[in-house]
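Position 1 is the first residue of the sequence, and the numbers go up from there. When a ligand or atom number is given, it counts from 1 through the structure's own listing order.
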Amino acid sequence: MTISNGERRFQELLEAAPDAIMEVDSSGTIVLLNAAAEKLFDYPRDELLGRNIDSLVPDAVRGRHAAHRAGFTAHPSTRTMGRGMILAARRSNGSEFPVEISLSPANTPEGFRVTAIIRDVTDQRNAEDVIRRANIELEARNREVERANQLKSEFLASMSHELRTPLHTILGFTELLKEELEGPLNEKQHRFLRHVHQDALHLLALINDILDLSKIEAGRLELHRETFDAQTVIRDAVDAIRPQAESKEIAVDEILQSAVTVYGDRVRFREILNNLLSNAVKFTPAGGRITVEAEESGGLIRFGVTDSGIGIAAEHHEAIFDKFRPVSSTTRGVREGTGLGLAIVKRLVELHGGSIRVESELGHGSRFHFTIPAGDPGTRTQPLILIVEDEIAARELLAGYVEPNGFRTEMSATAEDALVRARELRPDIIALDLMLPGKSGFQLLRELRELPETRNIPVLVTSVLDEEEIQHLEATEFLRKPVNREALLKAIRRHLPKRFAII
Ligand code: ADP
């Protein structure tokens with residue numbers, strides 16, 4: 001038989017291929033192989049030719065391999081690299097190594113043949129092992145760091161607590177002494193006592209801040225949320241700071257919408273305002289101006305505390321929210337305060353589900369903005385739909401259906417997150433997928449129906465299940481997946497609170 005040029009070139013190509021290539025017949029006998037196969041299995045070519053391929057797999061899987069081979073011959077199909085069957089191969093000296101194999105069957109004039117391309121993946125496996133081990137180590141280290149952090153917060157919390165008791169004693173006795181009930185004090189003694197009293201107060205403020213921050217960081221600070229009028233709290237906070245502002249001839253204005261109801265923790269909200277206002281007074285020179293604003297915008301109240309003070313350089317805009325990061329001195333040139341105020345403010349705002357940022361330029365005043373969820377949903381101008389769905393594409397599809405029709409959306413990928421958001425934002429409608437990772441949509445629905453603040457929110461269940469299977473649930477309506485846009489919009493409009501003009 002003469003060999004054409006093309007055939008010779010093809011043979012040379014096979015011979016030079018970096019992967020081992022072998023052809024076996026229906027009984028598993030090797031009938032053809034290239035140089036890479038000799039090298040990979042460490043046999044001379046004539047020892048491989050005529051040998052059964054089963055002898056090239058480890059002893060432990062040899063029996064299974066023969067069965068696999070028979071199965072492949074009965075139902076031949078091309079299998080690509082990486083989806084091969086043999087995961088370990090055996091060299092002439094008995095050593096084993098991992099391989100990836102691709103198989104392609106062919107009916108030739110000589111009968112049924114299978115071509116196997118075999119690649120040694122030892123290096124790849126080793127690299128994967130290194131990464132896997134590094135990941136495991138990293139996870140363990142992360143857990144350790146988390147635990148250490150938790151312990152640190154717990155330690156700080158208990159230590160702060162212990163420190164407060166003797167401090168209150170110091171403050172109490174200094175105040176008694178100052179009242180001179182136990183006998184008169186001279187001017188110098190009064191001055192000394194003032195120093196003791198002032199520093200004890202400062203220490204108490206610092207300890208209270210550390211206690212607050214460590215509680216927040218240990219996840220132990222609970223918000224007592226309620227719907228309340230932010231106006232009265234703002235007025236109280238402004239009235240409290242006014243004497244300090246007036247002593248520096250700083251004007252304080254409020255610009256408020258008629259009704260500013262928020263849903264949050266009244267005491268913590270006041271703490272946020274106190275911190276921002278006292279900073280504003282501290283860092284504003286005499287004759288300046290401070291403005292507090294609040295306006296509702298799509299389910300959130302946006303607050304602003306603006307001053308005409310010394311300002312903050314752009315490179316410090318993030319650092320000021322870190323712990324113990326004072327970046328400038330007060331207008332009296334001293335470093336007052338604990339350096340914890342803004343760190344606490346930021347965490348408190350975030351606990352409420354809001355965010356805070358600063359706009360400022362050195363020498364041109366500062367403006368702190370923060371958001372807190374609106375309280376009475378009646379102040380919302382756009383209906384809010386909470387989409388609970390773990391698949392991103394499905395989530396975005398629903399949002400894409402409703403947003404152009406005048407609805408605002410919020411998303412949750414888990415039942416846990418959805419419950420927190422439903423309580424915080426009190427959406428007008430919830431679109432709920434039942435199949436969620438972890439806690440199911442069924443459980444979430446039960447919990448929503450139990451909580452007084454979420455009990456009356458209409459829930460549209462989106463599911464691939466038949467309505468009969470889920471009609472025992474306390475859902476407002478069922479929508480079969482894939483959800484039809486018109487059906488969804490109609491259902492939403494049917495259950496939308498009456499105060500929204502039909503959009
Ligand atoms: P402190 O107790 O030092 O005020 P904060 O955490 O409240 O700590 O603030 C951190 C730092 O941010 C302050 O020391 C100050 O440098 C800067 N800062 C905060 N508020 C203002 C403001 N209104 N104007 C200018 N600088 C400010």
Side chain, backbone, both or neither: F368 near ligand 1, heavy atoms under 4.0 Å
side chain
Side chain, backbone, both or neither: the part of K282 lying under 4.0 Å from ligand 1 by heavy atom
side chain
Less than 4.0 Å between a side-chain N and a carboxylate O, is that true for R268 and D212?
yes
Heteroatom distance test (L342, ligand 1): nitrogen or oxygen, under 3.5 angstrom:
yes
Does ligand 1 have an atom that lies less than 4.0 angstrom from a heavy atom of G311?
yes
Could you tell me whether the side chain of E175 reaches within less than 4.5 Å of the side chain of H197, counting heavy atoms only?
yes
Closest to atom 8 (O) of ligand 1 (judged by heavy-atom distance), picking from A313, S366, G339:
G339
Parallel, tilted or perpendicular: which one describes the rings of F370 and F303, with boundaries at 30° and 60°?
parallel
Spacing of CG belonging to N484 relative to OH belonging to Y401, to within rounding of 0.5 Å
7.0 Å
With heavy atoms only and a cut-off of under 4.0 Å, state how D307 meets ligand 1: side chain, backbone, both or neither.
side chain
Electrostatic pair R235:E254 at N-O distance under 4.0 angstrom:
yes
Any N or O of N275 that comes nearer than 3.5 Å to an N or O of ligand 1?
no
Please check if any side-chain donor atom of E447 sits under 3.5 Å from a side-chain acceptor atom of Q443, or the reverse.
yes
